[in-house]
Enquirer: 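Input: one structure, supplied below.
The sequence lines fix the lettering, A, B, ..., with proteins before strands; numbering per chain opens at 1. What you see is a predicted model, and the numbers here were worked out from it, not measured in a lab.
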Number of protein chains: 2
Amino acid sequence: MPQEPVTVWERPERGARGPAPERSRAQITAAAIELADAEGLAAVSMRQVAVKLATGPASLYRYLADRDELFDLMADAVAAEVDLTAPLTGDPVEDLLVLALQSKEVHLRHPWLLDIPTEPLRLGPNGLDYLERALRALAPAPLSEQSKLETIGLLNALVTQFARAELHAQRSPTERQKAQATYLIKAAAEGRHPLVAQALAGQTASNADSRPQSHFAPLVRRVLVGLTS
Amino acid sequence: MPQEPVTVWERPERGARGPAPERSRAQITAAAIELADAEGLAAVSMRQVAVKLATGPASLYRYLADRDELFDLMADAVAAEVDLTAPLTGDPVEDLLVLALQSKEVHLRHPWLLDIPTEPLRLGPNGLDYLERALRALAPAPLSEQSKLETIGLLNALVTQFARAELHAQRSPTERQKAQATYLIKAAAEGRHPLVAQALAGQTASNADSRPQSHFAPLVRRVLVGLTS
DNA sequence: TAATACTGCGATCAGCGTTCGCACTATTAG
DNA sequence: CTAATAGTGCGAACGCTGATCGCAGTATTA
């Protein structure tokens with residue numbers, strides 16, 4: 001027998017009998033995203049989401065199997081913020097770059113995305129559209145299927161990496177981060193890590209320009225050119 | 001006044017007064033790593049670690065400020081498994097590749113590393129040595145300090161990405177993963193994502209060769225050549 | 001009209017990270 | 001030698017978490 005449907009995406013939103021649900025997955029997702037945008041992913045507990053919807057925690061389990069599925073819904077919801085309608089140029093590098101830039105914007109808008117535990121194949125309908133688009137952009141490149149997927153994965157890794165760095169730069173540091181920074185400086189000044197000290201100096205010097213110039217686009221371009229040649 | 005020491009690395013392991021501690025950070029770290037290796041990072045709760053050390057949870061807080069510091073210790077402990085003593089060749093690409101390969105091995109040996117929440121500057125003494133080594137490898141390359149750090153960051157992103165993929169391939173899939181996979185297949189077969197379907201087919205075909213050949217080394221080389229030229 | 005399948009949700013469970021306060025002990029100061 | 005001090009071990013507890021169970025109420029089907 002073929003195992004009942006299991007992902008949120010396949011499981012029907014409501015049954016055919018009984019009273020109409022008073023809420024919807026979309027509403028719950030929206031409430032969760034609002035919470036996460038305002039107070040971080042840690043604030044997205046079943047209880048707090050329930051409070052926001054004026055119900056009890058147990059009720060949410062009529063809509064979701066568990067908290068992880070809520071993450072699925074949240075991630076896929078914001079994936080829809082990427083525009084996939086613009087025409088492709090035919091240049092894999094430029095077309096992928098457009099995608100990556102947008103994806104990075106989404107991450108900056110929803111920093112909690114970086115806190116969602118990485119699951120293999122966490123991909124909803126919108127994520128699927130995104131992937132299809134990336135593969136379309138990559139179609140002209142003479143790569144194996146596996147290499148294409150690896151390239152897209154690498155691109156996503158770059159997106160999250162730079163999103164993290166930019167968020168880190170623009171947010172005021174926590175106590176922990178200040179402590180870590182002073183430790184690093186002190187340790188580097190000890191003399192046994194001269195190159196780290198030098199890199200640190202260069203880093204703070206470039207910050208003194210107060211130009212948070214990100215090298216994202218040029219770096220992505222270089223990497224993609226190297227991979228799709 | 002200069003704020004009391006705050007990172008685990010600066011805070012002295014024991015005070016000058018009072019009885020000698022019955023345990024050490026190293027012991028606690030070892031117990032936590034054993035737990036994590038065997039049952040995953042989720043099993044590393046203060047209580048379970050305490051049980052493993054035949055003590056109470058509250059006692060651990062004489063050694064650590066919080067659970068996150070335990071992660072610091074764990075990550076830095078396994079960072080020591082990378083060999084940094086071999087002589088450098090002088091070729092940044094090859095020298096960094098050696099580092100990356102080792103780092104990936106560490107991740108395969110300790111999969112829970114991928115579950116530790118990414119914090120900016122989570123870097124202990126061993127992590128610092130690793131960073132210094134990477135900068136040494138990169139010294140011959142004509143790059144700005146910032147670009148060097150970005151390159152190393154990208155390298156680490158590649159390491160985690162491939163480690164994740166390889167672990168995913170070699171572990172038997174969870175219920176969730178099976179469900180996600182069947183959803184993906186079904187959705188791709190629907191016709192609106194032809195390229196995803198094609199990529200999926202190519203993926204399962206290459207798996208049929210049962211050769212889990214990783215493209216890690218060649219891909220890292222290509223990326224690094226592109227970035228350090 | 002009866003059976004059925006669904007909904008909302010209060011009560012509750014087990015587990016979590018962390019804090020408090022107390023008994024105890026080694027070191028230091030007088 | 002004694003008293004003050006700072007450190008240690010840890011039982012008990014607090015507030016929070018994700019999740020389950022069972023029951024009352026409701027819309028659909030037979």
Side-chain angles (χ1 to χ4, degrees), chain A residues 4-6 8 11-28 31-32 35-36 39-74 112 115-117 119 174-176, chain B residues 4-6 8 11-28 31-32 35-36 39-74 112 115-117 119 174-176:
Chain A
E4 61 257 61
V6 259
V8 221
R11 190 162 0 97
E13 175 131 22
R14 59 160 302 189
R17 297 282 231 284
E22 296 177 4
R23 279 158 276 266
S24 69
R25 281 183 194 155
Q27 273 174 52
I28 295 172
L35 254 174
E39 308 187 54
L41 196 66
V44 182
S45 69
M46 300 309 265
R47 268 163 245 261
Q48 295 203 53
V49 172
V51 165
K52 193 144 201 163
L53 294 168
T55 179
S59 304
L60 298 180
Y61 290 90
R62 292 282 174 205
Y63 303 85
L64 313 164
D66 52 30
R67 193 166 99 114
D68 203 58
E69 277 195 354
L70 182 51
F71 293 160
D72 289 341
L73 290 169
M74 293 171 71
W112 46 264
D115 299 326
I116 290 188
E119 280 273 351
T174 64
E175 283 307 312
R176 185 183 201 281
Chain B
E4 63 257 62
V6 259
V8 220
R11 188 157 6 92
E13 173 130 22
R14 59 158 302 186
R17 296 282 229 284
E22 297 177 3
R23 279 158 277 268
S24 68
R25 282 182 193 153
Q27 271 174 55
I28 295 173
L35 254 174
E39 309 187 54
L41 196 65
V44 182
S45 69
M46 301 307 266
R47 269 164 242 261
Q48 296 201 53
V49 172
V51 165
K52 191 143 201 163
L53 294 168
T55 179
S59 304
L60 300 181
Y61 288 88
R62 292 280 174 206
Y63 303 85
L64 313 164
D66 51 31
R67 192 166 99 114
D68 204 59
E69 278 195 354
L70 182 52
F71 293 160
D72 289 342
L73 290 169
M74 293 170 72
W112 46 265
D115 299 326
I116 290 189
E119 281 273 352
T174 64
E175 284 307 312
R176 183 180 203 280

Enquirer: Rounded off to whole Å, could you give me the CG-to-P distance for the B:Leu64 and D:dG9 pair?
Expert: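 Answer to the nearest Å: 12 Å.
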Enquirer: Can you tell me if the side-chain N/O atoms of A:Gln48 get under 4.0 Å from OP1 or OP2 in D:dT17?
Expert: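 Yes, because at least one side-chain N or O of A:Gln48 sits under 4.0 Å from OP1 or OP2 of D:dT17.
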Enquirer: For A:Val44 and B:Tyr63, find the nucleotide of DNA chain D closest to each by heavy atoms; which residue's nucleotide sits nearer the 5' end?
Expert: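 In this pair, the answer is B:Tyr63.
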Enquirer: Dump the pairs, protein N or O against N or O of nucleotides 25-30 of chain C, anything under 3.5 Å, distances to one decimal.
Expert:
from, atom 1, to, atom 2, distance (Å)
C:dT27, O2, B:Arg17, NE, 3.2

Enquirer: Quick one: on DNA chain D, does A:Ala65 or A:Ala43 contact a more 5' nucleotide (nearest heavy atom)?
Expert: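 It is A:Ala43, whose closest nucleotide lies nearer the 5' terminus.
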Enquirer: To the nearest 0.5 Å, tell me how far B:Lys52 NZ sits from B:Leu35 CG.
Expert: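 So the NZ of B:Lys52 and the CG of B:Leu35 are separated by 4.5 Å.
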Enquirer: Nearest 0.5 angstrom please: A:Leu53 CG to A:Ser24 OG, how far?
Expert: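 Answer for the CG-OG pair, A:Leu53 versus A:Ser24, is 9.0 Å.
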Enquirer: Rounded to the nearest angstrom, tell me the gap between atom OH in B:Tyr61 and atom P in C:dT19.
Expert: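 My rounded result for the distance is 7 Å.
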Enquirer: Take the protein atom CE of A:Met46 and the nucleotide atom P of C:dA14, then report the distance between them rounded to whole Å.
Expert: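 In whole Å, C:dA14 P and A:Met46 CE are 20 Å from each other.
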Enquirer: To the nearest Å, give me how far apart CD (B:Glu13) and C1' (D:dA6) are.
Expert: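 Taking CD of B:Glu13 and C1' of D:dA6, I get 18 Å after rounding.
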Enquirer: Could you grab the distance from atom CH2 of A:Trp112 to atom CE of A:Met74, nearest 0.5 Å is fine?
Expert: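 Here the rounded value is 4.0 Å.
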Enquirer: What is the separation between atom CG on A:Leu70 and atom P on D:dG18, rounded to the nearest whole Å?
Expert: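 My rounded result for the distance is 10 Å.
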Enquirer: Measure the distance from CD on B:Gln27 to C1' on D:dT8 and round it to the nearest whole Å.
Expert: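 Answer to the nearest Å: 15 Å.
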Enquirer: Would you compute the distance between atom CG of A:Leu60 and atom CD1 of A:Ile28 and round it to the nearest 0.5 angstrom?
Expert: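 A:Leu60 CG to A:Ile28 CD1: 5.0 Å, rounded to 0.5 Å.
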Enquirer: Let me know the distance between CD of A:Glu69 and C1' of D:dA19, rounded to the nearest Å.
Expert: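 These atoms are roughly 13 Å apart.
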Enquirer: At what distance, to the nearest 0.5 angstrom, does OH of B:Tyr63 lie from CG of B:Leu73?
Expert: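 Output value for this atom pair is 13.0 Å.
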Enquirer: Does B:Arg25 reach the main-chain N or O of B:Val8 with its side chain, forming a donor-acceptor pair under 3.5 Å?
Expert: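 Pair found, side chain donor or acceptor close to backbone of B:Val8.
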Enquirer: Look at A:Arg67 together with A:Asp72 and state whether they make a salt bridge at an N to O cut-off of under 4.0 Å.
Expert: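 So A:Arg67 does not pair with A:Asp72 through a salt bridge.
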Enquirer: Please list, for nucleotides 10-15 of chain D, all pairs of protein and nucleotide N/O atoms separated by less than 3.5 Å.
Expert:
from, atom 1, to, atom 2, distance (Å)
D:dC10, OP2, B:Arg23, NH2, 3.0
D:dC10, OP2, B:Thr55, OG1, 2.5
D:dC10, OP2, B:Ser59, OG, 3.3

Enquirer: Are B:Glu69 and B:Arg11 close enough, and set up right, to give a salt bridge (charged side-chain N to carboxylate O under 4.0 Å, His left out), and what steps lead you there?
Expert: CA-CA 11 Å; B:Glu69 278 195 354; B:Arg11 188 157 6 92; 2.4 Å; yes
Enquirer: Taking only the side-chain heavy atoms of A:Arg67 (C-beta and beyond), determine which of C:dG17, D:dA19, D:dT8 contains the nearest atom.
Expert: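 The listed nucleotide nearest to A:Arg67's side chain is D:dA19.
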Enquirer: Pair A:Val6, B:Glu175 - check side chain to side chain contact (heavy atoms under 4.5 Å, CB included), show working.
Expert: CA-CA 9 Å; A:Val6 259; B:Glu175 284 307 312; over 6 Å; no
